[in-house]
Amino acid sequence: MVRVRFAPSPTGYLHVGSLRTFLFNWLFARHYKGKMLLRIEDTDQKRYVSGAVESLIKTLQDFGLDWDEGPYLDKKEQIKEMGKVGPYFQTQRLDIYKNFAQKLIDEGNAYYCFCTEQELDKMREKQTAKKLPPMYDERCRRLNKEEVALRLRSGQPYVIRLKIPEQGIVKIKDLIRNDIEFNYRDVDDAVIIKSDGFPTYHLANVIDDHLMNITHVLRAEEWISSVPKHVFIYQSFGWDLPRFGHVPLLLNPDRSKLSKRQGDVAAEDYLAKGYLPEAFLNFLALLGWNPGDNREIFSLKELIKEFSIEKVQKAGAIFNLEKLDWMNGCYIRKKNTEELTRLCLPYLINADFIRQDGSQIFIKSSGIKIDIKWLSKIIKLEQERLKVLNDIPEKTKFFFIKELNYDPQILIWKKSDVATTKSNLELIKNNLNKLSSNNFKAQNVQNILNCLGKDRGVGDIFWPFRVALTGEKSSPPPAEIAEVLGFSEAIRRIDLALDKLNLMS
Ligand code: GLU
């Protein structure tokens with residue numbers, strides 16, 4: 001049975017690259033009806049951030065992802081664990097690592113190293129001066145047993161290092177990169193237990209993957225250089241190797257490594273901005289994988305069915321925000337308007353346009369109580385053009401602001417003038433007044449505008465009407481906006497525009 005894991009070191013936020021690694025593991029597990037584990041690699045005490053694990057799990061859960069074993073947040077947002085091979089926090093498994101490290105020492109596959117930071121710095125300096133790659137020069141590997149015993153007894157601080165063979169070739173068949181070869185000669189005697197007694201990534205990761213029966217290790221490309229160290233540990237214990245697959249890096253459009261400096265890398269920020277979880281996961285799935293044809297929109301179910309690790313590419317994948325926006329727009333358009341309205345509500349509340357009191361909703365500036373159906377009409381007007389939910393306040397603000405604050409100059413169409421604009425707005429107003437408030441429907445308003453436009457010029461009619469209603473130069477069709485605003489509000493806004501024009505003449 002396939003068993004894969006996502007093994008983050010919590011840093012306070014979930015990197016989009018890590019989320020993509022989670023996703024590939026998850027798709028692989030679900031495709032083969034295997035198991036997905038979450039394991040927290042928290043042995044680096046220097047990087048400890050309080051609350052990081054909770055926020056990491058919450059982000060994964062907010063994306064609608066799940067797993068079969070490991071920690072999760074219950075309804076009260078408390079961490080709980082599920083699964084039989086735990087604990088799934090490495091800091092709760094320290095004795096296990098200590099015992100295995102001892103075994104490596106006893107069997108001659110690891111050794112104590114007493115070098116101080118200063119000694120190591122000097123060593124590195126010398127190597128760099130000689131243009132050699134910085135590597136541990138193995139001086140403690142040559143200490144005899146008595147010397148080691150003496151130093152241990154005297155309480156000298158130490159680390160434990162792998163005794164990597166002097167030479168020999170390590171070959172693996174990577175699921176994505178095919179044959180990869182390493183020469184032990186180029187591999188450092190990596191530290192496996194630090195001076196604080198905590199294990200490093202190499203030791204803890206391999207032991208846990210073995211004890212947790214992981215069959216496939218799908219992880220980021222940056223871990224490739226760890227392979228020979230890991231293989232050495234597996235072989236020292238006589239354990240079978242899992243299959244490895246190293247997924248490609250995420251790149252900025254200029255092909256540099258995706259980094260914090262060039263934009264957002266925290267997955268939770270994308271949710272906050274109003275990317276839909278299913279759209280974002282669809283986008284991530286295509287970063288490094290494709291179905292072999294040019295289909296791009298996939299539900300999670302479809303992804304599970306289609307995903308295959310063989311189709312993951314080696315080359316870095318470009319994190320293209322324009323494509324993400326396009327994809328999010330596709331998902332937004334597919335939503336039914338009621339659901340989209342519910343999703344947009346928090347953004348309008350956040351922008352201070354509306355206030356929610358239990359199940360009642362009010363416009364903040366006027367205190368007027370509104371119906372969710374009215375809000376739906378507004379959202380529907382924008383649904384086609386919306387890329388992220390966070391854009392909704394900016395795009396719809398004129399519905400909620402009582403006194404539109406715009407430069408009256410923008411009411412005037414191209415080569416027109418104040419007097420013509422005033423007379424056109426008055427004409428529009430008089431004609432709209434003929435419609436009773438019951439008849440104040442977009443189509444009727446549109447007919448009036450079309451009719452007047454024939455006479456006075458389309459731009460001269462539509463332009464000032466749009467600006468009067470919205471204070472904006474572009475918007476959805478003004479007749480539709482008029483219907484949503486309602487008869488008296490539309491007329492009030494035209495009057496407001498006329499007042500502004502009067503002040504100009
Ligand atoms: N803890 C490692 C990380 O933070 C895990 C790498 C792996 O999957 O082996 O990415």
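For ligands, and for the atoms within them, numbers begin at 1 and follow the listed sequence. No hydrogens, no waters, no symmetry mates; every other heavy atom, side chains included, goes into these values. Positions are given from 1, in the same order as the sequence printed here.
- Of all the heavy atoms in Asp66 and Phe22, the pair that sits closest is O-CZ, 3.8 Å.
- The contact shell of ligand 1, taken as protein residues with any non-hydrogen atom closer than 4.0 angstrom, comprises Arg5, Ala7, Ser9, Glu41, Tyr201, Asn205, Arg219, Trp223.
- Here the side chain of Asn282 pairs a donor or acceptor atom with the backbone of Phe298 at under 3.5 angstrom.
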N/O donor to acceptor pairs below 3.5 angstrom from side-chain atoms of residues 208-216, sequence neighbours left out:
{"unit_1": "Asp208", "atom_1": "OD1", "unit_2": "Arg93", "atom_2": "NE", "d": "2.8"}
{"unit_1": "Asp208", "atom_1": "OD1", "unit_2": "Arg93", "atom_2": "NH2", "d": "3.0"}
{"unit_1": "Asp208", "atom_1": "OD1", "unit_2": "Tyr97", "atom_2": "OH", "d": "3.3"}
{"unit_1": "Asp208", "atom_1": "OD2", "unit_2": "Gln90", "atom_2": "NE2", "d": "2.9"}
{"unit_1": "Asp208", "atom_1": "OD2", "unit_2": "Tyr97", "atom_2": "OH", "d": "2.6"}
{"unit_1": "Asp209", "atom_1": "OD1", "unit_2": "Arg5", "atom_2": "NE", "d": "2.9"}
{"unit_1": "Asp209", "atom_1": "OD1", "unit_2": "Arg39", "atom_2": "NH1", "d": "2.9"}
{"unit_1": "Asp209", "atom_1": "OD1", "unit_2": "Arg39", "atom_2": "NH2", "d": "3.0"}
{"unit_1": "Asp209", "atom_1": "OD2", "unit_2": "Arg5", "atom_2": "NE", "d": "3.4"}
{"unit_1": "Asp209", "atom_1": "OD2", "unit_2": "Arg5", "atom_2": "NH2", "d": "3.0"}
{"unit_1": "His210", "atom_1": "NE2", "unit_2": "Trp239", "atom_2": "NE1", "d": "3.3"}
{"unit_1": "Thr215", "atom_1": "OG1", "unit_2": "Arg3", "atom_2": "N", "d": "2.8"}
{"unit_1": "Thr215", "atom_1": "OG1", "unit_2": "Arg3", "atom_2": "O", "d": "3.1"}

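- Using a distance-only test at 3.5 Å, with no hydrogens or angles considered, a donor-acceptor pair links the side chain of Ser365 to the main chain of Phe400.
- For Glu125, the salt bridge (Lys or Arg N to Asp or Glu O under 4.0 Å) criterion is met by no residue, not counting sequence neighbours.
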Considering only distance and modelled atom types, tabulate donor-acceptor pairs under 3.5 Å from the side chains of residues 350-362, sequence neighbours left out.
{"unit_1": "Asp352", "atom_1": "OD1", "unit_2": "Lys364", "atom_2": "NZ", "d": "3.0"}

